[in-house]
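Working notes, beginning with the structure itself.
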Amino acid sequence: MPASIEFASKVYAVVALIPAGRVTTYGRIAAHVGDRRGARMVGWALMDVPRDRDLPCHRVVNRVGLLSGGWHFGHPEVMAGLLRAEGVAVSDEFTVNLAAHLWDPADELFEGEEAGVPPLPDGAVP
DNA sequence: GCCTTGACGGCAA
DNA sequence: GTTGCCGCCAAGG
């Protein structure tokens, strides 16, 4: 089995753990799996994601919060709608407020410890 | 078998 | 502070 599949599997696992109302970046995922330079590979992996995987790939944006893969959903508005439905503020430029909704794979452990953290800061300042 | 493109990121000028 | 360029791995033409 190619190592690329293993890499993709890790990516899928991380993406599947992204909580609703939160977003993460390709670079964060890549760094979490141990490949800082694999940001591009993350995108490549998500491009071939089977819909059966139930992967919230719409919660993955680039480092500036832009919905880079919006067109892979047919139209960025589709992805924006999904995010808005989860409480994520999406600007008209199809960008999300990373400062307010950025989720880091490392937080996975943090949430497990606290298990009571307010996921949505209503006072989020755009 | 070689070249170009791609859901990105970091560093340099 | 901003803009531009290069680099990484893989797949498709």
Side-chain angles (χ1 to χ4, degrees):
Chain A
M1 298 297 281
S4 54
I5 301 300
E6 184 180 356
F7 178 83
S9 298
K10 292 178 181 178
V11 174
Y12 298 155
V14 175
V15 174
L17 292 174
I18 302 173
R22 294 292 188 81
V23 294
T24 189
T25 68
Y26 300 93
R28 295 280 181 172
I29 297 172
H32 184 70
V33 299
D35 195 343
R36 183 173 85 67
R37 309 171 290 192
R40 210 164 209 178
M41 299 298 92
V42 175
W44 163 80
L46 292 178
M47 154 185 120
D48 195 55
V49 171
R51 296 180 179 80
D52 309 28
R53 273 291 176 231
D54 187 28
L55 287 177
C57 35
H58 59 273
R59 294 175 190 158
V60 183
V61 298
N62 63 1
R63 71 177 184 83
V64 295
L66 177 67
L67 307 185
S68 312
W71 292 103
H72 284 257
F73 287 78
H75 193 283
E77 185 60 33
V78 177
M79 188 184 297
L82 291 171
L83 291 172
R84 285 170 180 169
E86 296 176 351
V88 178
V90 182
S91 71
D92 296 337
E93 299 298 328
F94 301 111
T95 55
V96 298
N97 190 329
L98 294 177
H101 302 291
L102 177 61
W103 174 82
D104 196 284
D107 289 349
E108 175 193 347
L109 302 175
F110 180 75
E111 293 192 8
E113 289 288 321
E114 297 296 323
V117 183
L120 294 178
D122 59 303
V125 184

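Residue numbers start from 1 in every chain, and the chains themselves are labelled A, B, ... in the order their sequence lines are given, proteins ahead of strands. The basis for the numbers below is simple: all heavy atoms, side chains too, and nothing from hydrogens, waters or symmetry mates.
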Q) Can you list the residues that meet the salt bridge (charged side-chain N to carboxylate O under 4.0 Å, His left out) rule with A:R84, with sequence neighbours excluded? A) A:E77
Q.
Give me the distance, rounded to whole Å, that separates B:dT4 from C:dC6 when you measure between the P atoms they each carry.
A. 14 Å
Q.
Suppose you measure atom C1' in B:dA7 against the same atom in C:dT3; what distance do you get, rounded to whole Å?
A. 23 Å
Q | Reported CZ-to-CE distance for the pair A:F73 and A:M79, which is rounded to 0.5 angstrom | A | 4.0 Å
Q. Is there a donor-acceptor contact under 3.5 Å from the side chain of A:H58 to the main chain of A:A80?
A. no
Q) Do A:E86 and A:R59 meet the salt-bridge criterion of a basic N to acidic O distance under 4.0 Å? A) yes
Q) What residues form a side-chain contact (heavy atoms from CB on, under 4.5 Å) with A:A31, not counting sequence neighbours? A) none
**Q.** Near-strand residues of residues 38-47 of chain A, defined as heavy-atom separation under 4.0 angstrom from DNA chain B
**A.** A:A39, A:R40, A:M41, A:G43, A:L46, A:M47
Q | Nucleotides bounding contact with chain A, strand DNA chain B, heavy-atom threshold 4.0 Å | A | B:dG6 to B:dG10
Can you give me every donor-acceptor pair (side chain of residues 23-30 of chain A, partner residue at least two apart or in another chain, under 3.5 Å) with its distance?
unit_1: A:T24; atom_1: OG1; unit_2: A:W103; atom_2: O; d: 2.9
unit_1: A:T25; atom_1: OG1; unit_2: A:R28; atom_2: N; d: 3.2
unit_1: A:R28; atom_1: NH1; unit_2: A:D104; atom_2: OD2; d: 2.7

(Q) Quick check on DNA chain C: between A:D35 and A:R63, whose nearest nucleotide comes earlier from the 5' end? (A) A:R63
**Q.** Distance-minimising heavy-atom pair for A:Y12 and A:A45
**A.** OH-O, 3.2 Å
Side-chain polar contacts of residues 63-70 of chain A - donor-acceptor pairs under 3.5 angstrom, sequence neighbours left out - could you list them?
unit_1: A:S68; atom_1: OG; unit_2: A:N62; atom_2: ND2; d: 3.0
unit_1: A:S68; atom_1: OG; unit_2: A:L66; atom_2: O; d: 3.3

